[in-house]
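Worksheet for the structure shown next.
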Amino acid sequence: MEQALWIYNTLSRRKEVFKPLHAPNVGMYVCGPTVYGDPHLGHARPAITFDILFRYLKHLGYKVRYVRNITDVGHLEHDADEGDDKIEKKARLEQLEPMEIAQYYTNRYHAAMEALNVLPPSIEPHATGHIIEQEQLVQQILDNGFAYESNGSIYFDVKKYNEKHHYGILSGRNLDDVKDASRALDGVGEKRNQADFALWKKASPEHIMRWPSPWSDGFPGWHCECTAMGRKYLGAHFDIHGGGMDLVFPHHECEIAQAVASQGDQMVHYWMHNNMITINGQKMGKSLGNFITLEEFFTGNNKNLEQPYSPMTIRFFILSAHYRGTVDFSNEALQASQKGLEKLMNGISDLDRIAASAESDAETKKVVGELRQKCYDAMNDDFSTPLVIAHLFEACSVVNKLVDHKATISEADLKELAETMRLFAFDLLGLRPDNAGSSSHREEAFGKVVDMVLDLRSKAKASKDWATSDRIRDELAELGFEVKDTKDGATWKLK
């Protein structure tokens, strides 16, 4: 925790030094998926973004409670107060119980996150498991005069709230903008104002998902769950709330309003948002029908994909851009990420093949001496993962020179280089070799076999058996090995 960490706060629209409310404890809430379909690339970005945050805060010595919710009720089709509940609609189409749909896609989401090496959160609450807390939140807002009942539904009175507080503080919108942008929504006749949003919806007779409440048998509005569950597990005031930039309005704006209306002040200190993944400049998402599922990426089974892409290629692709910048999908970009990941993994693997010298040459000593702090500086500047990767690539160039005997490194510097590269690549960026399933013993044996073959070639050269020497080199080349002869002996690497 000696490092000064700067975080961009969407609320203040500037970078701020991170100061936890109750150090060394950190409370962090991130909006998770609505589980009615397979996870896609758009789900991977916030999961990986806030996985980096989770990993780094723990590395700095903080005790982090990371809460990421599962939305399994209340998220209506148009992210507002109209249409069907997304999960219930899917359940009707597939003639299943809504909880069967939610469980199936929750399991699929977890499997994808594990493949992407995303750490599980400390707590993963479900909206349906916290109906009572959401009803209590609605009652508090009613008691404070910022909500009203209409035909068994409860709506947040945005106009009344805005008279005393500021609705739009996060998104920068004012109430007139919100009214102008609002659609003619189903059920708007129940509302006093177009911008009001549902805290509790009375269930229609055919609605499957319903719970008893003082107002009606119904279900909570989409925005309620995060406010209620964030407060339950992190307290009335906590450090970080994260999610995709598409949630700034209306979801997170409504969360702020609910918190202030129920307890008198804001709950969250730092609001963090990752930007979107786009296809041809348009946001990727289930509601737009232009998404590619993570399973399709892993298998290549999609007409827009030229080949399969491994989970680590996807992770590297996302980390190659700053989390607040847009990322436009293309096969070319993913193929470049595949090559970049391979370069980095080969560089780290090659560390085991370097023999230490008495001392490091000047350039190697400089790069190694600066690498760790450069990577920390990049992470501390609002998690600049592309810059961390650039620094690691610089280290890979040093590794290549060392493997080719074009540079020297001391034992202490080699240890520092290896520890730094592995710390940032594996522990903090969460990358891992795509062949992580194979044992390290097999990889070690594989390397020893190649070294043994090159030793035989060296003996053939020493006895002037040029035919055997050239045959070994050529056959290794055909198998994908690049052999280089140097004054200190032959070196090899897998292309």
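Predicted model, so just to flag it, every value in this text is computed and none were measured.
Residues Glu255 and His251 have side chains that bring a donor and an acceptor to within less than 3.5 angstrom of each other.
Using a 30° and 60° split on the angle between ring planes, Phe481 and Trp492 fall in the perpendicular class, above 60°. Note: His43 and Tyr109 have perpendicular aromatic rings, judged against thresholds of 30 and 60 degrees for the angle between ring planes. Taking the six-membered ring where the residue is Trp, His223 and Phe197 present perpendicular rings, their angle passing 60° and hence far from 30°. Using cut-offs of 30° and 60° on the angle between ring planes, the pair Tyr56 and Phe383 is perpendicular. Ring orientation note: the planes of His130 and Tyr233 are nearly perpendicular, at an angle over 60° on the 30°/60° scale.
Using modelled atom types, one side-chain atom of Gln134 and one backbone atom of Ala127 make a donor-acceptor pair closer than 3.5 Å. Remark: side-chain polar atoms of Asp239 are not paired, donor with acceptor, to backbone N or O of Met28 under 3.5 angstrom. Within the 3.5 Å criterion, the main-chain N or O of Met209 finds a donor-acceptor partner in the side chain of Glu88. Not one N or O on the side chain of Ser360 forms a donor-acceptor pair closer than 3.5 Å with the backbone of Lys365. For Asn9 (side chain) and His269 (main-chain N/O), a donor-acceptor pair under 3.5 Å exists by modelled atom type. For Asn69 (side chain) and His126 (main-chain N/O), no donor-acceptor pair under 3.5 Å exists by modelled atom type. A donor-acceptor pair under 3.5 Å links the side-chain atoms of Thr10 to the main chain of Trp271, judged by distance alone. Asp72 places a side-chain N or O within donor-acceptor distance of the main-chain N or O of Thr128, the cut-off being under 3.5 Å.
Among residues two or more places apart in sequence or in another chain, the side-chain contact (heavy atoms from CB on, under 4.5 Å) test is passed with Glu253 by Tyr167, Ile169, Leu170, Ser171, Phe249. In terms of the salt bridge (charged side-chain N to carboxylate O under 4.0 Å, His left out) criterion, residue partners of Lys374 (sequence neighbours excluded) are, by chain and number, Glu370, Glu394. Every salt bridge (charged side-chain N to carboxylate O under 4.0 Å, His left out) that Glu475 has, sequence neighbours left out, goes to Arg471.
A distance of 11.0 Å separates CD1 of Ile354 from OG1 of Thr408, quoted to the nearest 0.5 Å. Distance check, rounded to the nearest 0.5 Å: CZ of Phe298 to OG1 of Thr313 gives 9.5 Å. How far CD of Glu482 is from CG of Leu476: 12.0 Å, rounded to the nearest 0.5 Å. One distance of note links OG1 of Thr34 with CD1 of Ile87; it measures 6.5 Å at 0.5 Å rounding. For the atom pair Arg324 CZ and Ser384 OG, the distance stands at 9.5 Å (nearest 0.5 Å).
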Could you pull out every donor-acceptor pair under 3.5 Å between side chains of residues 45-52 and any protein atom, sequence neighbours left out?
unit_1, atom_1, unit_2, atom_2, d
Arg45, NH1, Asn275, O, 3.1
Arg45, NH1, Met276, O, 3.2
Arg45, NH1, Gly325, O, 2.6
Arg45, NH2, His322, O, 2.8
Arg45, NH2, Tyr323, O, 3.4
Arg45, NH2, Gly325, O, 2.7
Thr49, OG1, Arg45, O, 2.8
Asp51, OD1, Leu119, N, 2.9
Asp51, OD2, Arg55, NE, 2.8
Asp51, OD2, Arg315, NH1, 3.3
Asp51, OD2, Arg315, NH2, 2.7

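Among residues at least two apart or in separate chains, salt bridge (charged side-chain N to carboxylate O under 4.0 Å, His left out) pairs with a member in residues 292-314 are Arg108-Glu295. Contacts classified as salt bridge (charged side-chain N to carboxylate O under 4.0 Å, His left out) and involving residues 3-13 (residues at least two apart or in different chains) are not found.
A ring-centre distance under 6.0 Å is found for Tyr376 and His59. Checked against the 6.0 Å centroid criterion, the rings of Phe329 and His40 do not qualify as a close aromatic pair.
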Before giving the answer on salt bridge (charged side-chain N to carboxylate O under 4.0 Å, His left out), spell out for Asp361 and Lys401 the whole-Å C-alpha distance, their side-chain angles and the decisive distance to 0.1 Å.
CA-CA 11 Å; Asp361 64 85; Lys401 289 180 182 178; over 6 Å; no

Test salt bridge (charged side-chain N to carboxylate O under 4.0 Å, His left out) on Asp381 and Lys15 and set out the steps.
CA-CA 9 Å; Asp381 186 13; Lys15 292 180 188 177; 2.6 Å; yes

For Phe316 and Ile389: C-alpha separation, side-chain torsions, deciding distance, then whether side chain to side chain contact (heavy atoms under 4.5 Å, CB included) applies.
CA-CA 9 Å; Phe316 190 89; Ile389 291 171; 3.8 Å; yes

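Geometrically, Lys89 does not engage Tyr36 in a cation-pi contact defined by less than 6.0 Å to the ring centre and at most 45° from the axis.
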